[in-house]
Amino acid sequence: MSRRAMTDIPVIYFLWVSAFLFATGLSILLLKKNTIFVLMGIELILNAANLNLVAFSKNDPSLQGLYLSVFVLVVGVCEMAIALAIVLQVYRNYRAIEVDQFKSEY
């Protein structure tokens with residue numbers, strides 16, 4: 001019994017999984033009102049883009065897609081850390097994290 005490498009799996013399988021992740025993230029983004037769920041939807045969309053980058057770079061000898069996907073992961077982690085800090089500060093002020101309940105006082 002041999003183990004299958006990533007090069008043995010067709011690219012279309014990665015694209016189907018990526019499309020499912022993107023659709024799930026987009027539906028969460030559009031349907032949920034909780035800010036934490038909205039952030040999770042954005043993260044799913046970023047992961048779908050990363051999966052596409054890795055899938056299309058599997059035959060690239062320079063590995064530029066893999067380097068770009070690592071960069072996107074780092075940017076996504078930084079974005080989530082800043083967004084979570086903002087959500088915590090908003091919760092301290094408004095006692096709610098629903099997107100519809102935020103109102104500007106200016």
Side-chain angles (χ1 to χ4, degrees):
M1 185 164 75
S2 66
R3 298 180 94 178
R4 293 181 70 167
M6 185 176 162
T7 56
D8 296 338
I9 301 172
V11 175
I12 192 68
Y13 294 154
F14 292 104
L15 297 180
W16 278 111
V17 172
S18 176
F20 175 74
L21 283 174
F22 184 82
T24 305
L26 188 64
S27 63
I28 288 173
L29 196 65
L30 294 175
L31 296 176
K32 295 293 183 180
K33 294 182 180 180
N34 192 330
T35 309
I36 303 297
F37 283 112
V38 170
L39 291 175
M40 288 198 303
I42 292 171
E43 192 65 32
L44 280 175
I45 291 172
L46 283 174
N47 286 332
N50 278 337
L51 187 58
N52 276 336
L53 287 171
V54 171
F56 284 125
S57 72
K58 75 176 191 173
N59 295 325
D60 184 19
S62 65
L63 300 176
Q64 290 179 355
L66 292 176
Y67 296 145
L68 189 59
S69 69
V70 169
F71 177 73
V72 171
L73 279 174
V74 169
V75 169
V77 167
C78 294
E79 175 236 339
M80 285 298 145
I82 292 170
L84 192 57
I86 291 171
V87 167
L88 288 174
Q89 288 299 322
V90 166
Y91 180 75
R92 286 182 185 169
N93 291 334
Y94 293 104
R95 294 289 178 213
I97 56 172
E98 301 295 321
V99 176
D100 294 342
Q101 295 178 353
F102 299 147
K103 294 181 183 176
S104 177
E105 296 179 7
Y106 298 108

Trainee: Kindly work out whether a path of hydrophobic side-chain contacts (I/L/V/M/F/W/Y, heavy atoms less than 4.5 Å apart) joins Leu66 to Leu73.
Mentor: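 Cluster IDs for Leu66 and Leu73 differ.
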Trainee: Tell me, with the steps shown, if Phe22 and Leu44 meet side-chain contact (heavy atoms from CB on, under 4.5 Å).
Mentor: CA-CA 6 Å; Phe22 184 82; Leu44 280 175; over 6 Å; no
Trainee: How long is the span from the CE atom in Met40 to the CD1 atom in Ile28, to the nearest 0.5 Å?
Mentor: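 Output value for this atom pair is 6.0 Å.
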Trainee: Following the transitive rule for hydrophobic clusters with a side-chain heavy-atom cut-off under 4.5 Å over Ile, Leu, Val, Met, Phe, Trp and Tyr, establish whether Val11 and Val17 coincide in one cluster.
Mentor: yes
Trainee: Minimum heavy-atom separation for Ile45 to Leu29, with atom names?
Mentor: CD1-CD2, 4.2 Å
Trainee: Is it the case that one hydrophobic cluster holds both Leu30 and Val38, taking links as side-chain heavy atoms less than 4.5 Å apart, direct or via other members?
Mentor: yes
Trainee: Take Glu79 and Ile42, measure what side-chain contact (heavy atoms from CB on, under 4.5 Å) needs, and give me the verdict at the end.
Mentor: CA-CA 10 Å; Glu79 175 236 339; Ile42 292 171; 3.7 Å; yes
Trainee: Ser18 and side-chain contact (heavy atoms from CB on, under 4.5 Å): which single residue from Asn50, Leu51, Leu53 fits?
Mentor: Leu51
Trainee: If every non-hydrogen atom of Ala55 is compared with every non-hydrogen atom of Phe14, which pair is closest and at what distance?
Mentor: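 Minimum heavy-atom separation between Ala55 and Phe14: CB-CB, 3.5 Å.
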Trainee: I'd like to know whether Leu15 forms a side-chain contact (heavy atoms from CB on, under 4.5 Å) with Phe56, so could you lay out the CA-CA distance, the side-chain angles of the two residues, the decisive distance to 0.1 Å, and finally the verdict.
Mentor: CA-CA 9 Å; Leu15 297 180; Phe56 284 125; 3.6 Å; yes
Trainee: CG/Leu84 to CE/Met80 distance, rounded to the nearest 0.5 angstrom?
Mentor: 9.0 Å
Trainee: Please check if Val54 and Tyr67 belong to a single hydrophobic cluster, counting links between Ile, Leu, Val, Met, Phe, Trp and Tyr side chain heavy atoms closer than 4.5 Å.
Mentor: yes
Trainee: What's the spacing between Leu21 CG and Leu46 CG if we round to 0.5 Å?
Mentor: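 It is 11.5 Å, given to the nearest 0.5 Å.
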Trainee: Once rounded to the nearest 0.5 Å, what's the spacing between atom CG of Asn52 and atom CG of Asn47?
Mentor: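 Nearest 0.5 Å value for the CG-CG distance: 11.5 Å.
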